[in-house]
Amino acid sequence: MSRYSATEIEAKWQEAWDKAGIFTANHKADKPKYYVLEMFPYPSGRIHMGHVRNYTMGDVIARHKLATGHNVLHPMGWDAFGMPAENAAMAIGGHPKDWTYGNIADMRSQMKPLGLSIDWSREFATCDPEYYGQQQALFLDMLQAGLVYRKNAVVNWDPVDMTVLANEQVEGGRGWRSGALVERRELTQWFFKISDYSEELLDALNTLENWPAKVRLMQENWIGKSRGLQFGFERVDSGEPITVYTTRPDTLMGASFVGISPDHPIAKQLEAENPEVAEFVAECRKGGTTEEAIETAEKLGYDTGIKVKHPLDPNWELPVWIANFILMDYGTGAIFACPAHDQRDLDFCRKYGLPVVDTFFALDNDTPVDKTAFVPPKTEKVRWVNHFAGLTDATGDDAINTTVDFAEKAGWGEGVTKYRLRDWGLSRQRYWGCPIPVVHCESCGVVPEKNENLPIRLPDDVTFDKPGNPLDRHPTWRDCACPSCGAPSKRETDTMDTFVDSSWYFARFTAPHAETPTDLAEAEYWMNVDQYIGGIEHAILHLLYSRFFARAMQITGHLPKKAIEPFDALFTQGMVTHEIYQTRDANGRPVYHLPEDVTDGKLADGTEVEIIPSAKMSKSKKNVVDPVSIISAFGADTARWFVLSDSPPERDVEWTASGAEAAFKHLNRVWNLCDKIGAMDPEAKGDGDQDLLREMHKAIHDVTLGVESFGFNAAIAKLYAFTNTLAKSKAGAAAQKQAIKTLAQLMSPMTPHLAEDIWAHQGGEGLIATAAWPVADEAMLVDDTVTLPIQINGKRRAEISVPKDMDKAEVEKIALSTEAVQKALDGAAPKKVIVVPGRIVNVVV
RNA sequence: GCGGGCGUGAUGGAAUGGUAGACAUAUCAGACUUAAAAUCUGAAGGGCGUAUGCCCGUGUGGGUUCGAGUCCCACCGCCCGCACCA
């Protein structure tokens, strides 16, 4: 009997697939296409179990589609620009380019043994000049189409990475990568006009039926549409209006003061004139220092002394305050405060002794507001005591609509729609990114580079011994001729946010070597991505940017109209977790231990470790298992099988040594089963051929359903069960052989190497990878005889065995004659009998 | 605060409104072995009982239904996302 040697067969079949070129995507044949894509990795240098899970899921889909007669596009690339390469250069010397390409080579060599059905001929890295040159071309087209612009803006400055960050890249006041507290600076930056597409990006979410509802909702909240009233408060001194935006215009009679942002033009003017204001505004800009401080930040205000007139009563004057909680880039940067119905306004007014006026009460309670603002749901009816349009009992929603109509008719305000989504600032003061292809000329201003000069390559001779951008201090790279007038000029030294790189790579995969960003014929054939798979952490940033880029690329003629939503279906997979093993050092500080150093809760020297519940694998907690060592111990098939088997794919899966071993043992069992069946006399007859084949068809049905609906764990459970059935079967050689070949086919998306070897051993034709996927025979899915449970009043009391097509009346008769039913009836007639054919019988007594 | 999701054995988890706990882990017992490992066979939600069996059981409480883990309402707990957004 031969032994299952994963190392041997995996290398053998990977070579065979390569040689046959079966994973090379090809659009010539007359078959439907299928584009499956997993989010491409950052080349950190090591693959981790998360990658294994992500790519295995995509591979299962890709291989299944290949076996069901599709032209499959399943590419792989590298999201290769970004800070870590520069950090490495600063920390250990060397060049970001060498570091990155070295990592790519390492990771590729770790990934290849997984046996993924990837078309490696389409591989690229975003730091390839061939790729980023096309990105520059795309940028220039977008510039011409008015989708990119430059403006002076208050931006988030990361003092550690020494670069600006987009709003989406600031989490809790800290840089998403460095974790440093973000400062606010005013700089001239490049922006993508994503906010022009707010409404469309929001509307189109409804068409993304095969996206998780959670992701759509997160994007909806992020875009943040609101409807409200915009109007002016007239200044008493100058007669100039201060324009405010409010979503609760119905509370205007409860207005207590007008508030403006510290960045509002009026505040800026006062700042210049008045040192006291300057000091206050500076204090506001500093902001909090910790996350808690930001959450519980004290409301700060400064009374400017300016008075404005209430739009409904020229004799009613309100003070104008500068308040630290008002954001300049939302609405108009100015508000009116209604403390009775807004907790934040109430806190502010109580602090500074400003009036609090109730405008409505609950229908059954008219207690004036004291410390808690009265903010009922807008759908709840309330009783108005202070409204200008004569409202009495109405819901908030009705009151808002009535008020907007009233203001529009009276001509002092207009209903407007606002979005929270702001334009995407793409300038980064970094070296290792795609250079922005523009030139600054003293006479011509900002001039786009000529297309024939692309790519604008990054210079290789740079140093990282000083903080800041090496491009900025390079002696010659900046020098160039103005593309317009030819005069000596300076290049832009900012590079693009790396999210730009990942916003169109999926389109580039359709023609990775085209001389233009895309090849429209190829894009027309391969787009859209039929199934996209990645982490939920990209729910907003990457996916929203990509949706914007798909629109921009359509406008600039690089993608067909049908690709406006580039990802037909999205699946967000869970993480791979592991227990954490901890001891403490002499000072009581935690010390973590690698799983491979812990046996039965003890270290090699016998020290007991504390076991902390599973968390995402991370190097700092040392709860990591290296795919490379798993593959060398058990083989890729075992790793692939295990990451899919234990949990539903959208949930986290806990890596356990026992689970991985169990997966390995099971594959051995299947191997031995194949050996055993192979050794049978081909003419041997046995018992229960039909039963085995029936189970085989049920397995085909269930596994296919599982694979097609991301029920990988359920599919694998069915494969376990069918293997157990086959192992115990006494059927004849022909039936067993058919069963093991089918089992191999059903396993082939998950464990492709083992499946291939079994196929060959059992005399299967060609490669199993390209063999037609088995189809279940409907007639074989139902047993001739079915076991029906008999319920009495909904509780199971007995079972009967009847032919599958016996009619209801007959089933009822048999059910009623059972001992349990007779006993329960005790001579009386049943009140009701429900017979669900093939399912159940319920007798009500 | 706003929004969303989830609560099933010791554990991960199965169950188109139709026999709850498939499949797997851990556990226990048996076979093989001088012994162990490996492998194979079997047991196993809780309680009572020698047993045929009976009672209870999917976070808690109600409801709809012949029948609810699944649908509806309320509550409790946990997780995630967003958040001075006017």
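So you know, we letter chains A, B, ... as the sequences are listed, proteins then strands, and number each from 1.
Among the atoms of the strands shown, only primed sugar atoms or phosphate atoms (P, OP1, OP2) are found under 4.0 Å from some heavy atom of A:Tyr720. A:Gln791 comes within 4.0 angstrom of a nucleotide base, judged by non-hydrogen atoms across all strands. When heavy atoms are screened at a 4.0 angstrom cut-off, A:Arg797 is found touching the sugar-phosphate backbone but no base atom. Contacts of A:Val836 with the nucleic acid, taken as non-hydrogen atoms under 4.0 Å apart, include base atoms. When heavy atoms are screened at a 4.0 angstrom cut-off, A:Lys718 is found touching no nucleic acid atom at all. At a threshold of 4.0 angstrom between heavy atoms, the contacts of A:Ile326 include nucleobase atoms, whether or not backbone atoms are also involved.
Rounded to an integer number of Å, the gap from CD of A:Glu654 to C1' of B:A26 is 12 Å.
Comparing B:A68 with B:G17, their P atoms are spaced 14 Å from each other, to the whole Å.
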Query - ring pair (Phe, Tyr, Trp, His ring centres under 6.0 Å) assessment of A:Trp641 paired with A:Phe712 - result: CA-CA 10 Å; A:Trp641 183 262; A:Phe712 303 132; over 10 Å; no

Query raised in the report: Tell me, what's RNA chain B's dot-bracket, Watson-Crick or G-U with both distances under 3.5 Å, | for other-strand, [ ] crossing?
Result: (((((((..(((.....[....))).(((((.......))))).((((....))))..(((((..]....))))))))))))....

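Residue A:Lys813 qualifies as open at atom NZ: its count of foreign heavy atoms under 6.0 Å is 12 or below.
Between A:Tyr545 and A:Trp424, a ring centre-to-centre spacing shorter than 6.0 Å is recorded.
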